[in-house]
Amino acid sequence: MSNQELSEQQVIRRNSLQKLRELGIDPYPAAEFRVNATSTEIKANFSEEKSNYQDVVLAGRLMSRRIMGKASFAEIQDYKGRIQIYVNRDELCTGEDKTMYNEVFKKLLDIGDIIGIKGFVFKTQMGEISIHVKELTVLNKSLRPLPIVKEKDGKTYDAFSDAEQRYRQRYVDLIVNPQVKDVFIKRTKIINTMREMFNEYGYFEVETPILQPIPGGAAARPFITHHNSLNIPLYLRIANELYLKRLIVGGFDGVYEFAKDFRNEGMDRTHNPEFTVMEIYVAYKDYKWMMSFTEQICERVALALHGTTKVQLGENIIDYKTPYPRVTMTEAIKEYTGYDISGKSEEELREICDKLGIEIDPSMGKGKLIDEIFGEKCEHNYIQPTFITDYPVEMSPLTKKHRENPELTERFELMVNGKELANAYSELNDPIDQRERFEEQLRLSEKGDDEAMFIDQDFLRALEYGMPPTSGMGMGIDRLTMFMTNSPSIQDVLFFPQMKPEKKVTVELTEDEKAVMELLKTQSPVYLNELKEKSGLSNKKWDKAIKGLTKHKLAKVEKNDDGLFVELV
RNA sequence: CGGUCUGUAGCUCAGUUGGCAGAGCAGCUGACUCUUAAUCAGCGGGUCCAGGGUUCGAAUCCCUGCAGACCGACCA
């Protein structure tokens, strides 16, 4: 990057960098800088009576400065938080040479630089716990100005709030918006809490393929890629279910994976093309057991994060206290539409959809129709955690038929805030039934349902060896994090949400500019009016072209006694 | 994919009827030894998203494009 493209503030910072080097200060030192305290720890534990923390070393980013002649206050931010520092000229520079204060601290350092300090903790006249600096080390010179967010009386001024910039430059977002960091700390705590719980139960964390020859285990459109040396297409997984079940066949009695899945579908505030799902499979259990297990997970996560089961989410308070109500899908539809769908044919269901004003198309089978009714009329009503159970067999091709009614399956979804949070079954382990269900999916696919499942022959082969009765559950981690951190958008719980590529800035000359350059090459300097006439450009086009050229420092306009001239640079 | 809105200094944002490009913070110069949105005096900083059109004249009006936000559609 040339100097012309840098803003004034960037140039000044580069100059300061150079001056630091001239003073013999390495702006990017290699040596370990060992700290012995953090900002929040000091603020929590310092007391004037005990007069502790009299020899502290900490490091962090300079976030604000208040310079007053021979003494200054500033704030540094470490990974825990911020603390004020007090820098006194004659104490930082005990000898005659006051360069470290007058030049380095006051002039050459900027907001955003990373420094290390040694000193002692004290309380200012205003009562703020601060660090009296005795020694200062430059650890990193920052070359770009940070957005400056200020705060007073809980009111935030000049917030860095542009969503696009926050997501594209998450590192800046994390530096200046402390609430953002908090969301991601909670996200990791959610995952750790779940992992801890599963390990207590003795379940085994595993990894399964992301590149799959057959994208199975869910109804969704996959991303496709290509393996060169095998010369075959491969798909990015849409789910890991079929692989985890193979492991249950293999003899593990509980396996789980925190998995990135990929779906080639629309993006909005609740959907990112890649997202994280926790899937767990436990042998010798059924979906009823899994319901209790699932509600325990939610309760435990809520307690770990908030110390209470009640969590604010938008205008609602969600209470994750167990147990949660269990409502069958048929009951749910009856409650919110008045129609009893049990035992109805595909034709009758189409009629019901028509009467309810639900849009349908011919490719939809019985299961999809019921799914539409539930999605349109019922789903959004379940704000508090609720299990919806016993889905129709057509929409659950991997689920065991219900032990009491073969039209239904042993499946539940956990609804929270009107959205699906988890999905679980008594897993289908009858290989012949499973083959028939796959074939039914194939027929749906031929009818035009582009989300119907492929037939995975190897998975069927595994089931033929025999899988114990098993219950499996998948939970959306992004969605759970949104619920637990009161985040309205999935982009707020992903460090790097998918974005359209940034537009490239081209410095290529336009056609008009090129034409003027050609003329200038034949004669330079030249009268401005003569050049303008030769170019044959309109006033506006001429103006754009010549301004463009001077901007790029390819030509310049000079005025002398004879008039205006244009000259090549 | 459709509708609405947005794009101006490093950040947050004004910009009237089309008539010299603005403020606060940040930056620079100076003053100031307990400040905290520090204060005081002075100064600099712009591809007004890009391209085209209308006009004597466009940040402003029109068209096209790009990027984003929100709401729908689709989906988890």
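We name chains A, B, ... by the order of the sequence lines, and we start the count at 1 in each one.
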A/Arg66 side chain near B/rU35 phosphate (N/O to OP1/OP2, under 4.0 Å):
no

Can you find an N or O donor on one side and an acceptor on the other, under 3.5 Å apart, linking the side chain of A/Glu8 with the base of B/rG27?
no

Taking the side chain of A/Ile148 as heavy atoms from C-beta outward, which of B/rC34, B/rA76, B/rC25 is closest to it?
B/rC25

Can you find a donor-acceptor N/O pair under 3.5 angstrom joining the side chain of A/Asp162 to the base of B/rC11?
no

A/Gln84 side chain near B/rU35 phosphate (N/O to OP1/OP2, under 4.0 Å)
no

Rounding to an integer number of angstrom, what distance separates B/rC66 and B/rG51 when you compare their C1' atoms?
10 Å

Relative to the 5' end of RNA chain B, which residue comes earlier, A/Lys123 or A/Ala159, by the nucleotide with the nearest heavy atom?
A/Ala159

Considering only the C1' atoms, how many Å lie between B/rA76 and B/rA69, rounded to the nearest integer?
23 Å

Separation of the P atoms in B/rU36 and B/rC25, to the nearest angstrom
15 Å

Is it the case that B/rA67 (base atoms only) and A/Glu164 (side chain only) share a donor and an acceptor within less than 3.5 Å, ignoring hydrogens and angles?
no

Determine the interatomic distance between C1' on B/rU39 and the same-named atom on B/rC34; round to the nearest Å.
14 Å

Under 3.5 Å, is there an N or O donor on one side and an acceptor on the other linking the side chain of A/Gln125 and the base of B/rU35?
no

Is the backbone N or O of A/Glu420 less than 3.5 Å from a side-chain atom of A/Arg479, with the two atoms forming a donor-acceptor pair by type?
yes

Look at the side chain of A/Asn88 and decide which nucleotide, out of B/rU33, B/rC25, B/rC32, has an atom nearest to it.
B/rU33

Could you check which of B/rC34, B/rU12, B/rA37 has an atom nearest any side-chain atom of A/Lys152?
B/rA37

Is it the case that the side chain of A/Glu41 and the backbone of A/Thr38 share a donor-acceptor pair, with hydrogens and angles ignored and the cut-off at 3.5 Å?
yes

Any A/Gln491 side-chain nitrogen or oxygen under 4.0 Å from OP1 or OP2 of B/rA69:
yes

For B/rG68, does either OP1 or OP2 sit under 4.0 Å from a side-chain N or O belonging to A/Arg168?
yes

With a cut-off of less than 4.0 Å, is there a side-chain N or O of A/Lys107 near OP1 or OP2 of B/rC28?
no

